[in-house]
There are 2 protein chains.
Amino acid sequence: MDQIEIFKALSNKTRLQILNWLKEPELHFPDHKASCGESDGGVCVGHIQKKAGLTQSTISEYLAVLQRAGLVTANRVGQWTYYKRNEEAFAALSNLVASEL
Amino acid sequence: MDQIEIFKALSNKTRLQILNWLKEPELHFPDHKASCGESDGGVCVGHIQKKAGLTQSTISEYLAVLQRAGLVTANRVGQWTYYKRNEEAFAALSNLVASEL
DNA sequence: AATATATATCGGTATTTCCCGATATTCCAA
DNA sequence: TTGGAATATCGGGAAATACCGATATATATT
């Protein structure tokens, strides 16, 4: 739980959007299951990339930033890496902001 | 309430320390009143600067960053500028993190 | 084995941030 | 009104960040 790493990860519009999209994957990525299969709520990099409109390398790096901050978890299955929110981390962050900031 | 500006402001160890010190000014700046007078919980730049151990210009700029983010308020009285936490902003941030992140 | 697909990593340029010293501004005191 | 104290602002060098295109790696398919 590195506060500074977390706040840095949250200091970018695109990364905030991604986190928001991942709150409701089936809403924001309606055709994900059809093209990427079942993934327990995780969304693959390519879909996130297309929606964000930045390059593949940039989105891959952004997801790595979010993962290093602990805000998302990655799950590689075959050729896809599924990313999903780490709600425990958000709960912990919420507590931290509410009581220790 | 610019989320990104707030998270950027929080992405620095010294600024986080300052915000923490300002939670209990009389504890962290025990001799403040004697040298800077009554200030309604605000602490002058010089005291913050000495405690932080960075230069005056850096701390002045950091306080401006925190102020632009809305996290502190400044109150100039004579030759001193007293900074204090804006607790309303922290409450709003806490709500935001708890419900919209 | 060869190819195609999804993702990660590398190298690079432009911008931003960190932190400094020097200078400007504002206010007080003699 | 001159000097001193507190703060703000300016200019700059080093490091980090925002993106990109190109390439590498891993997996799946044929």
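Each chain gets a letter, A, B and so on, in the order its sequence line appears, and its residues count up from 1.
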Atom pairs and distances, side-chain donor-acceptor, residues 1-13 of chain B, under 3.5 Å, sequence neighbours left out:
from	atom 1	to	atom 2	distance (Å)
B/Asp2	OD1	B/Ile4	N	3.0
B/Asp2	OD1	B/Glu5	N	3.2
B/Ser11	OG	A/Phe7	O	3.4
B/Ser11	OG	A/Lys8	N	3.2
B/Ser11	OG	A/Ser11	OG	3.4
B/Ser11	OG	B/Phe7	O	2.6
B/Asn12	OD1	B/Thr14	N	3.0
B/Asn12	OD1	B/Arg15	N	3.0

- Message: Within the structure provided, determine whether B/Phe29 and B/Cys36 are in side-chain contact (heavy-atom separation under 4.5 Å).
- Response: no
- Task: Supply the atom-to-atom distance A/Phe90 CZ to A/Arg85 CZ, rounded to the nearest 0.5 angstrom.
- Result: 4.0 Å
- With the sugar-phosphate defined as primed atoms, P, OP1 and OP2, and the base as all remaining atoms, what B/S/- string results for nucleotides 10-24 of chain D, 5' to 3', for protein heavy atoms under 4.0 Å? -------SSBBBB--
N/O donor to acceptor pairs below 3.5 angstrom from side-chain atoms of residues 94-101 of chain A, sequence neighbours left out:
from	atom 1	to	atom 2	distance (Å)
A/Ser99	OG	A/Asn95	O	2.7

- Query: Donor-acceptor pair, B/Lys84 side chain versus B/Val43 backbone, under 3.5 Å?
  - Reply: no
- Message: Using a 4.0 Å cut-off on heavy atoms, which residues in residues 44-52 of chain B reach DNA chain D? List them by number, or say none.
- Response: B/Cys44, B/Val45, B/Gly46
Indicate every side-chain donor-acceptor pair of residues 49-57 of chain B with a distance under 3.5 Å to a residue at least two apart or in another chain.
from	atom 1	to	atom 2	distance (Å)
B/Gln49	NE2	B/Leu54	O	2.8
B/Thr55	OG1	B/Ser57	OG	3.4
B/Thr55	OG1	B/Thr58	N	3.4
B/Thr55	OG1	B/Thr58	OG1	3.0

- Item | Apart from B/Val65 itself, residues in the same hydrophobic cluster as defined by side-chain heavy atoms under 4.5 Å | none
- Message: Using a strict heavy-atom distance below 4.0 Å, which residues from residues 17-28 of chain A are in contact with DNA chain C?
- Response: none
- Base versus backbone protein contacts along nucleotides 25-30 of chain C [heavy-atom cut-off under 4.0 Å; B, S, -]: --SS--
- Message: Rounding to 10°, can you tell me the angle the first-five-pair axis of the helix from C/dA1-D/dT30 to C/dA30-D/dT1 makes with its last-five-pair axis?
- Response: 10°
- Could you state the CD-C1' distance from B/Gln67 to D/dT7, rounded to the nearest angstrom? 13 Å
- Message: With rounding to the nearest 0.5 angstrom, report the CD1 to CG distance, B/Ile48 to B/Leu63.
- Response: 5.0 Å
- Query: With a 4.5 Å heavy-atom cut-off, do B/Leu22 and B/Ile18 have their side chains touching?
  - Reply: yes
- Query: For the hydrophobic clusters of this structure (ILVMFWY residues joined by side-chain heavy atoms under 4.5 Å, transitively), does one cluster hold both A/Val45 and A/Trp80?
  - Reply: no
- Message: So A/Tyr83, base contact, sugar-phosphate only, or nothing? Heavy-atom distance under 4.0 Å.
- Response: sugar-phosphate
- Task: Mark yes when over 12 heavy atoms from residues, nucleotides or ligands other than A/Lys23 sit less than 6.0 Å from its NZ; otherwise mark no.
- Result: yes
- Message: Taking ring pair (Phe, Tyr, Trp, His ring centres under 6.0 Å) as the cut-off, I'd like each qualifying pair that reaches into residues 35-60 of chain B, sequence neighbours left out, listed once.
- Response: B/His32-B/His47
- Between CG of B/Asn75 and P of D/dA8 the distance, given in whole Å, is 12 Å
All N/O donor-acceptor pairs, side-chain side in residues 71-78 of chain B, below 3.5 Å, sequence neighbours left out:
from	atom 1	to	atom 2	distance (Å)
B/Arg76	NE	B/Gly78	O	3.4

- Taking only residues two or more places apart in sequence, or in another chain, which ones meet B/Asp31 in a salt bridge (charged side-chain N to carboxylate O under 4.0 Å, His left out)? none
- Item | A/Glu61/A/Arg68 ion pair, N-O < 4.0 Å | yes
